[in-house]
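Take a look at the structure set out below.
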Amino acid sequence: MIELDAAEVTAWAPPPGGGRDRVVRLLGPVTVSLAERRVAVVGANGSGKSTLARLAGGLVRPSSGAVRVGGLDTAREATAVRRHVGFLFTDPDAQLLMPTPLEDVVLSLRRTTPPAARRAAALEWLDRFGLADRAHVPVHVLSGGQKQLLALASVLAVEPSVLICDEPTTLLDLRWRTVVDEVLAGLPQQVLVVTHDLEAAARAERVLVVDAGEVVADGPPADAIGTYRELMRARAVVP
Amino acid sequence: MTRPAATAGKLAVLAAFSLAVVLVPGIVAGGAGATVAVAAALVTGVPRRTWRDAVVFAVLVGAGRAWSGVPSAGVAAALDVLALVLAGAVLVARTPPDELLDLLPARLGLAAVLMLRSIPALAATVAATREAARARGCERDPRTWLTPAAIRAVARAHATGEALVARGLGGA
């Protein structure tokens, strides 16, 4: 369960016309309780949907209001929240920290698994994602899809109860997009996905539409995606 | 010898070698250090990409030093950097990062491993930025790619920090 209670994110930034920095609102206030197993967040570039995902995942603290994941406050119980929430980024190159796939999964397992058991457990996770034969190759030689699967394996190795994905398939071709979508669909965890892929969003149980830092639609996929399409059609003015 | 003891031994050798390279100045000492490191790298099979990165990094540091007016200092600096980077690469090639992390204090070990991982990533960032400058016909002016490359490197460092936090390995 992810709960945002009047959560707002602000930042210091220069105003559009230039001049001294001032406080600008990036998101919110947002109040939602997300209990569904599959939730999608859609919105235009720069609308605040990634900020919403980071807020829900505890990577960004609310400037005001509160965010709770599994009843844990992301501002006051950040360490405990980290044990419950996995976060998958758009670009796996930003997420993968170790030179080889095996070592990257081992890095995740340092939090949960005794040293003697880590390598075997990591190999098991790689095997589940079809990457066992790539365990010892340099990460940079993997394809984009393999890297994203590896990032997912590294996140899931600590068995989080909630997974938040920020545009996990944006950089992937159709084949790997299908693979990653199907892996995500089969997970037992609650999954919140930020996406531009409206077909993937349509498979969620609930869709939030974010626009200009606010949740402007929230409900079943057909209704919310319909609202989003109308919103974008009205905005699509060729310069 | 146990694996942690063997890793500690390798670290001690690396530390002693690095100290000698840094503390004994001059082209002859630098050349000796680089020769030892190159030989060790050849024996341990350091990846070709690491060789390239080490040489590029050494040449850049050496050129920067020579630019300040003392060419011999530039050559010595380049040899020192080549020796240090290759010696570090030898340790990494022969030691799983997890063992290094177990041996060093957590934050220090993670910083060391991330630094080593960042070398090819930084090289890729510079290559991508230069390619973008080349596509616009302005790769000869280093200003067109140095500044964007530096900004991208900072952005990558930020993303790495966020990835660490997401894995529960950094500050929240």
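Numbered from 1 within each chain, the chains take letters A, B, ... in sequence-line order.
Among A:V158, A:L107, A:V81, A:V85, the residue making the largest number of heavy-atom pairs under 4.5 Å with chain B is A:L107. Most heavy-atom pairs under 4.5 Å with chain B, from the set A:D104, A:L102, A:D91: that is A:D104. Of the listed residues (A:R118, A:R111, A:R110), the greatest number of heavy-atom pairs within a distance under 4.5 Å of chain B belongs to A:R110. Annotation: maximal heavy-atom pairing with chain A below 4.5 Å, among B:A159, B:A166, B:A155, occurs at B:A166.
Annotation for A:R20: atom CZ does not count as buried by contact number, only 12 or fewer foreign heavy atoms lying within 6.0 Å. For B:R65, the CZ atom counts as loosely surrounded, since its 6.0 Å shell holds 12 or fewer non-hydrogen atoms of other residues, nucleotides or ligands. More than 12 non-hydrogen atoms from other residues, nucleotides or ligands lie less than 6.0 angstrom from NE2 of A:H196.
A:D166 CG to B:E162 CD: the interatomic distance, rounded to the nearest 0.5 Å, is 8.5 Å.
Across all their heavy atoms, A:A94 and B:A163 have their closest contact at O-CB, 3.3 Å.
Residues B:T160 and A:Q95 are not in side-chain contact: their nearest non-hydrogen atoms beyond the backbone lie 4.5 Å or more apart.
Between the side chain of A:R82 and the backbone N or O of B:V165 there is at least one donor-acceptor pair closer than 3.5 Å.
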